Novice: 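Okay, handing you the structure first.
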Amino acid sequence: MTNPGTQGKPLRLFNSLTRKVEEFHPMNRAETRIYSCGPTVYNDAHIGNLRAYVFTDTLRRALTWKGQTVKHVINITDVGHLTSDQDEGEDKMELASQKMARDIWQIADHFTRAFKDDLRKLNVLRPSLWSTATDHIQEMIACAERLQRAGVTYELPTGLYFDTTKVPNYGSLSLTPMEGQSEGARVERIEGKRNPSDFAIWRRSPETGGKRQMEWLSPWGAGAPGWHLECSVMSMKYLGSPFDIHTGGIDHREIHHCNEIAQNQACTGADHSGANWWMHNNFLVDRSGKMSKSKGEFATLTSLIKRGIHPLAFRLLCLSTHYRSELEFSPEIVAGQQVRLKRLLGAVTALRLKVAPGEWLRIPREIAYSSGASLSYPRSVLENTLSPEAQQFVQSFDGELAEDLMTPRLLPILDEVLGHAKLSPEDKLRVIASMDMVLGLNLLDTRRVDLSVRPESAPLSEQEVEALLLQRQEARKAKDFARADQIREQLNLAGIDLMDGQQPAWEWRPSLA
RNA sequence: GGCCGGGUGGCGAAGUGGUCUAACGCUGAGGUCUGCAAAACCUCCAUUCGUGGGUUCAAAUCCCACCCCGGCCUCCA
């Protein structure tokens with residue numbers, strides 16, 4: 001039977017706490033516990049948000065591929081939090097509710113579904129547990145009371161605040177020294193705060209301006225929990241303290257996670273930050289800078305699909321860059337990855353035609369139903385019969401993966417295997433199947449044609465295309481090449497690429513304008 | 001203003017002291033195939049790593065200066 005723990009090269013991961021790549025050891029040899037900061041559901045996720053979950057998914061897949069069992073929790077922030085600048089005082093959920101003229105709970109529900117739907121399209125595995133902030137309000141209040149008893153809080157008219165000087169090494173995760181920060185430079189200063197870095201644990205509802213849709217009674221009056229509280233409460237509740245890995249976007253390193261750590265420390269009475277590893281993915285950027293929900297205009301997965309981009313092309317784009325590097329985005333770039341993915345799928349399909357059907361071909365698909373189990377057994381089924389030469393590829397794959405998840409280095413290995421002159425088709429497929437359990441590109445079950453997505457702007461329907469194609473076939477049979485070429489040109493202008501002799505004989509081209 | 005990152009071919013992106021005349025992908029060029037194309041396959045495409053100095057037997061990789069870009073300090077993945 002498979003032994004718990006890590007197989008292959010020791011996994012090394014960058015730890016934001018020490019700012020070094022360190023060998024990873026789970027606290028419990030049999031299980032790694034991960035908490036990922038999830039989205040605030042007041043809006044569609046933009047593709048920059050989604051990059052974060054492709055990253056945590058890759059982390060989780062890598063751990064299970066290397067033999068670990070993983071318990072992965074992602075939270076949903078459905079409590080509103082302060083909007084910025086001119087919207088001071090309102091919160092994002094309330095604002096979205098007004099804009100869409102819908103109940104705030106409907107807003108939360110709608111965007112939670114949309115978010116989960118995006119992840120499914122990206123082939124991100126479901127976490128072991130989704131945890132929702134509003135399901136934990138009472139526990140947050142209890143935690144706030146514990147913090148109060150610990151003597152790290154003080155009350156102001158606006159709510160209950162955390163005194164960040166009361167915990168050791170506040171802000172050590174951040175790279176910004178406290179002295180350099182100019183509080184109030186861009187956001188209104190809260191009257192009475194003892195230290196610039198102090199933050200709200202409980203936000204009391206304003207006296208004026210009517211009742212908020214989302215508010216709860218508490219020892220500090222009606223209001224809502226501070227944003228940082230939910231992650232402390234939910235991560236400890238489901239994963240214990242300390243647990244193994246806490247992930248989030250790189251922006252969380254400076255404020256949110258520092259505050260979370262302070263709460264954890266005060267709550268447990270220990271100096272420990274609450275997680276052994278803090279990992280942060282870098283931003284997706286375009287020429288104008290990082291993508292941001294609050295900027296208004298942003299690209300969503302749905303908007304990419306409407307252009308004729310398949311979600312898996314976006315996943316491949318994410319994998320083509322290391323998670324700690326900024327990733328440059330443009331429609332052209334992701335379309336390029338789509339071409340790459342098409343070629344990969346074509347090559348895999350060609351291999352499948354050469355290999356006798358077997359149960360093992362189903363394996364990569366099955367992990368979609370796993371809630372974090374080790375992949376040791378499926379791997380052994382795939383890899384046990386491998387030739388030494390094929391084994392080599394698995395080994396180099398393992399080596400690159402073990403080095404802080406070097407996904408950009410993984411992809412060339414895929415190309416090498418496919419193009420290898422000596423490996424048997426079955427060995428190639430088995431190696432690719434194993435690697436794809438980490439990459440999550442659905443390489444064995446996606447066909448090239450699946451990537452052909454009709455752009456919303458396409459002037460022709462599929463039926464119209466088929467009809468024109470038929471006419472063209474007739475013209476070709478009759479050797480009326482002028483007519484045939486004219487139809488091809490017409491289809492071309494409509495965003496359709498023809499491939500005579502292929503099945504299917506045409507596909508949509510993404511619309512990049 | 002303070003603090004962090006980063007600048008590698010047309011584009012994305014690996015590489016952080018020698019195996020780098022710089023992986024891989026996209027684009028492009030040529031070829032095979034084709035009525036012609038497309039798809040597929042094959043071949044080719046940076047003596048150079050923002051600029052200028054320095055250290056070293058050896059630098060894209062280390063040091064200094066300068067220029068440019070981005071992020072954070074405000075909700076944010």
Side-chain angles (χ1 to χ4, degrees), chain A residues 36-40 42-43 45-56 77 80-85 87-88 91-92 95 174-188 196-197 227 247-256 280-295 316-317 320-330 332-344 346-347 350 400 406-416 419 448 476 479-482 484-485 488-489 492 496-507:
Chain A
S36 299
C37 279
T40 305
Y42 66 95
N43 210 335
H46 60 71
I47 55 177
N49 299 126
L50 296 175
R51 183 188 184 195
Y53 305 100
V54 172
F55 156 63
T56 57
T77 301
H81 294 292
L82 291 186
T83 51
S84 59
D85 304 347
D87 297 316
E88 198 62 40
D91 83 34
K92 292 182 177 181
L95 200 65
S174 151
L175 294 175
T176 311
M178 281 348 280
E179 312 81 60
Q181 298 188 11
S182 51
E183 190 212 14
R186 294 167 66 188
V187 76
E188 203 184 322
S197 55
W227 174 44
T247 74
I250 196 162
D251 48 341
H252 284 160
R253 188 184 57 192
E254 306 303 315
I255 304 288
H256 175 54
H280 299 99
N281 63 277
N282 212 134
F283 283 129
L284 183 80
V285 302
D286 64 22
R287 277 185 328 187
S288 67
K290 80 156 186 171
M291 294 199 182
S292 165
K293 281 198 210 180
S294 41
K295 275 189 193 167
L316 181 58
L317 174 68
S320 74
T321 305
H322 186 70
Y323 75 90
R324 282 193 286 123
S325 300
E326 281 184 353
L327 167 53
E328 188 81 28
F329 177 84
S330 76
E332 290 75 16
I333 292 166
V334 72
Q337 294 299 322
Q338 177 145 307
V339 171
R340 180 182 198 174
L341 188 55
K342 272 183 188 171
R343 289 178 183 158
L344 282 174
E400 298 294 357
M406 269 308 306
T407 55
R409 283 273 181 191
L410 261 28
L411 301 173
I413 298 175
L414 205 55
D415 295 311
E416 256 186 276
R448 180 191 169 108
R476 288 184 71 206
K479 301 245 187 281
D480 183 359
F481 294 123
D485 290 353
R488 178 166 65 197
E489 181 58 16
N492 220 277
I496 288 136
D497 290 326
L498 295 194
M499 302 176 296
D500 288 347
Q502 302 294 307
Q503 197 53 253
W506 64 279
E507 61 191 13

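From a predicted model like this one, the values you see are computed outputs, not experimental measurements. So you know, we letter chains A, B, ... as the sequences are listed, proteins then strands, and number each from 1.
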Novice: For nucleotides B:rA38 and B:rG6, find the distance between their C1' atoms and express it as a whole number of Å.
Specialist: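 Here B:rA38 and B:rG6 have their C1' atoms 40 Å from each other.
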Novice: For B:rA77, which nucleotide is its Watson-Crick or G-U wobble mate, given both distances must be under 3.5 Å?
Specialist: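 No nucleotide pairs with B:rA77.
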Novice: Searching all strands shown, indicate the nucleotide that pairs with B:rU55 (Watson-Crick or G-U wobble; both distances under 3.5 Å).
Specialist: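 Matched B:rU55 with nothing under the 3.5 Å cut-off.
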Novice: Restricting to side-chain contact (heavy atoms from CB on, under 4.5 Å), what partner residues turn up for A:R476, sequence neighbours left out?
Specialist: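 side-chain contact (heavy atoms from CB on, under 4.5 Å) list for A:R476, sorted by chain: A:R472, A:Q473, A:A484, A:D500.
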Novice: Expressed as a whole number of angstroms, how long is the span from A:L341:CG to B:rA40:P?
Specialist: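 Going from CG in A:L341 over to P in B:rA40 covers 12 Å.
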Novice: At under 4.0 Å between heavy atoms, what does A:R448 touch on the DNA or RNA strands: base, sugar-phosphate, or nothing?
Specialist: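 Answer is sugar-phosphate: A:R448 comes under 4.0 Å of backbone atoms only.
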Novice: Name the pairing partner of B:rU16, where a pair is Watson-Crick or G-U wobble with both distances under 3.5 Å, or state none.
Specialist: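 Checking every strand shown, B:rU16 finds no partner, since no pair has both distances under 3.5 Å.
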Novice: Record whether the side chain of A:R488 comes under 3.5 Å of the base of B:rC36 through a donor-acceptor pair of N or O atoms.
Specialist: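 For A:R488, whose side chain was compared with the base of B:rC36, there is a donor-acceptor pair (under 3.5 Å).
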Novice: With a 4.0 Å cut-off on heavy atoms, is A:F283 in touch with a base, just the backbone sugar-phosphate, or nothing at all?
Specialist: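 Base contact.
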Novice: State the pairing partner of B:rA40; accept Watson-Crick or G-U wobble contacts with both distances under 3.5 Å, and report none otherwise.
Specialist: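 Across any shown strand, B:rA40 pairs with B:rU32.
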Novice: Would you mind telling me which of B:rC26, B:rA39, B:rC36 lies closest to the side-chain atoms of A:M499?
Specialist: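 Selected nucleotide: B:rA39.
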Novice: Can you tell me, in whole Å, how much space there is between the P of B:rG9 and that of B:rA22?
Specialist: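 After rounding to an integer number of Å, I get 14 Å for this pair.
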Novice: Which residue lies toward the 5' end of RNA chain B, A:I250 or A:G336, if each is placed at its nearest nucleotide?
Specialist: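 First, find each residue's nearest nucleotide; the 5'-ward one identifies A:G336.
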Novice: Would you give the length of the straight line joining atom OG1 of A:T321 to atom CG of A:N281, rounded to the nearest 0.5 angstrom?
Specialist: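 The OG1 atom of A:T321 sits 12.0 Å away from the CG atom of A:N281.
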Novice: In whole angstroms, how far is the P atom of B:rC73 from the CZ atom of A:R253?
Specialist: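 After rounding, the gap between these two atoms is 11 Å.
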Novice: Using the P atoms only, state how far B:rG35 lies from B:rU43, rounded to an integer number of Å.
Specialist: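 Here B:rU43 and B:rG35 have their P atoms 25 Å from each other.
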Novice: By the 4.0 Å heavy-atom rule, please label A:V339 as base, sugar-phosphate, or nothing.
Specialist: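 Sugar-phosphate, backbone atoms only, no base.
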Novice: Can you tell me the Watson-Crick or wobble partner of B:rG2, both distances under 3.5 angstrom?
Specialist: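 B:rG2 is paired, partner B:rC72.
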Novice: Mark yes or no for a side-chain to base donor-acceptor pair under 3.5 Å between A:D485 and B:rG35, with no hydrogen or angle criteria applied.
Specialist: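 Yes, the side chain and the base share a sub-3.5 Å donor-acceptor pair.
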Novice: Which whole number of Å gives the distance between the C1' atom of B:rC45 and that of B:rA29?
Specialist: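 Each nucleotide's C1' atom is 8 Å from the other's.
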Novice: So does A:R343 get a side-chain nitrogen or oxygen closer than 4.0 Å to the phosphate oxygens (OP1/OP2) of B:rC26?
Specialist: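 Checking B:rC26 against A:R343, a side-chain N or O does come within under 4.0 Å of OP1 or OP2.
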Novice: For the P atoms, the ones on B:rG28 and on B:rG70, what distance do you get once it is rounded to whole angstrom?
Specialist: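 Straight-line distance between the two P atoms is 29 Å.
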Novice: Mapping A:A52 and A:D497 to their closest nucleotides on RNA chain B, which lands nearer the 5' end?
Specialist: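 Per heavy-atom nearest nucleotide, the more 5' residue is A:D497.
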Novice: Please tell me if A:S325 has a side-chain N or O lying less than 4.0 Å from either OP1 or OP2 of B:rA14.
Specialist: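 For B:rA14, OP1 or OP2 has a side-chain N or O of A:S325 closer than 4.0 Å.
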Novice: Could you tell me if the side chain of A:L50 sits less than 4.5 Å from the side chain of A:L284, heavy atoms only?
Specialist: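 They are not in contact (no side-chain heavy atoms under 4.5 Å apart), so the answer is no.
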Novice: If you only use heavy atoms from C-beta on, which nucleotide in B:rG70, B:rC11, B:rA14 is closest to the side chain of A:H322?
Specialist: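 Selected nucleotide (nearest to the side chain): B:rA14.
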Novice: Given B:rG71, B:rG35, B:rA77, identify the nucleotide with an atom nearest to the side chain of A:H46.
Specialist: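 Of the candidates, B:rA77 comes closest.
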Novice: Any chance you could lay out the salt bridge (Lys or Arg N to Asp or Glu O under 4.0 Å) test for A:R343 and A:D415, step after step, and finish with the verdict?
Specialist: CA-CA 10 Å; A:R343 289 178 183 158; A:D415 295 311; over 6 Å; no
Novice: Taking any heavy-atom pair under 4.0 Å as a contact, classify A:S330: base, sugar-phosphate, or nothing.
Specialist: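 Nothing, no nucleic acid heavy atom in range.
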Novice: Starting at atom CD1 of A:I496, determine the distance to atom C1' of B:rA39, rounded to an integer number of angstrom.
Specialist: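 Checked: the CD1 to C1' distance equals 16 Å.
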Novice: Rounded to the Å, how far apart are A:E507 CD and B:rA37 P?
Specialist: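 Result: 19 Å.
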Novice: Would you mind reporting whether A:E326 and A:I250 have side-chain heavy atoms less than 4.5 Å apart?
Specialist: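 Not in contact.
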Novice: Using atom C1' in both nucleotides, what's the gap between B:rG2 and B:rU8 to the nearest angstrom?
Specialist: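 Per the computed distance, 30 Å lies between those C1' atoms.
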Novice: What nucleotide, of B:rG70, B:rA13, B:rA77, holds the atom closest to the side chain of A:P408?
Specialist: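 Nucleotide nearest to A:P408's side chain: B:rA13.
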Novice: Determine the contact category for A:G48: base if any of its heavy atoms lies under 4.0 Å from a base atom, sugar-phosphate if only primed atoms, P, OP1 or OP2 are that close, otherwise nothing.
Specialist: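 Touches a base.
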Novice: Please tell me which of the listed nucleotides, B:rG35, B:rA77, B:rG15, lies nearest to the side chain of A:M406?
Specialist: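 Nucleotide nearest to A:M406's side chain: B:rG15.
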Novice: Does A:E328 reach the side chain of A:V285, with side-chain heavy atoms less than 4.5 Å apart?
Specialist: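 Yes, side chains in contact.
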Novice: Assign A:Q337 to base, sugar-phosphate, or nothing according to its heavy-atom contacts below 4.0 angstrom with the strands shown.
Specialist: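 The answer is nothing, as A:Q337 stays clear of every strand by at least 4.0 Å.
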Novice: Rounding to an integer number of angstrom, what distance separates B:rU61 and B:rU19 when you compare their P atoms?
Specialist: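 Each nucleotide's P atom is 14 Å from the other's.
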Novice: Is there a Watson-Crick or G-U wobble partner for B:rC26 with both distances under 3.5 Å, and if so, which one is it?
Specialist: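 Looking at the geometry, B:rC26 pairs with B:rG10.
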Novice: Just checking A:L284: base, sugar-phosphate only, or nothing, at a heavy-atom cut-off of under 4.0 Å?
Specialist: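 The answer is base, as A:L284 lies within the cut-off (heavy atoms under 4.0 Å) of a base atom.
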Novice: Tell me, do A:M406 and A:P408 make a side-chain contact under 4.5 Å, heavy atoms counted?
Specialist: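 Touching, per the 4.5 Å side-chain cut-off.
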Novice: Does some side-chain heavy atom of A:S36 sit less than 4.5 Å from a side-chain heavy atom of A:T56?
Specialist: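 Heavy-atom side-chain distance check passes, below 4.5 Å.
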Novice: If I pick the P atom on B:rA39 and the same atom on B:rU27, what distance separates them, to the nearest angstrom?
Specialist: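 One P to the other, the span is 8 Å.
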Novice: Specify the separation, in whole Å, of atom CG of A:L316 and atom C1' of B:rG25.
Specialist: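 Going from CG in A:L316 over to C1' in B:rG25 covers 8 Å.
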Novice: Of the nucleotides B:rA77, B:rU27, B:rA23, which one has an atom closest to the side chain of A:N281?
Specialist: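 Selected nucleotide (nearest to the side chain): B:rA77.
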Novice: Considering only B:rG35, B:rG25, B:rA77, which nucleotide approaches the side chain of A:D415 most closely?
Specialist: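 The closest nucleotide is B:rG25.
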Novice: Can you tell me how far P of B:rA13 sits from CZ of A:F329, to the nearest Å?
Specialist: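 Nearest whole value for this atom pair: 12 Å.
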Novice: Need one value for A:I333: base, sugar-phosphate or nothing, where a base atom within 4.0 Å counts as base even if backbone is also close, heavy atoms only.
Specialist: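 Contact class for A:I333: sugar-phosphate only.
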Novice: Just to be sure I understand the rule, does A:R51 reach a base, reach only the sugar-phosphate, or reach nothing, if contact means heavy atoms closer than 4.0 Å?
Specialist: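 The residue A:R51 makes no contact with any strand.
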Novice: Applying a 4.0 Å non-hydrogen cut-off, can you work out what A:Q502 is touching in the nucleic acid: base, sugar-phosphate, or nothing?
Specialist: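 Base: the residue A:Q502, judged by heavy atoms under 4.0 Å, touches a nucleobase.
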Novice: What integer distance in Å separates A:E328:CD from B:rG10:C1'?
Specialist: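 Result: 14 Å.
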Novice: Heavy-atom distance under 4.5 Å between the side chains of A:R448 and A:E507, does that happen here?
Specialist: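 Heavy-atom side-chain distance check passes, below 4.5 Å.
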Novice: Tell whether A:R409 reaches the base of B:rG15 with its side chain through a donor-acceptor pair below 3.5 angstrom.
Specialist: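 Between B:rG15 and A:R409, which were checked side chain against base, a qualifying N/O pair under 3.5 Å is absent.
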Novice: Quick one: A:L498 CG to B:rC33 P, roughly how many Å, whole number?
Specialist: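 So the two atoms are 22 Å apart, to the nearest Å.
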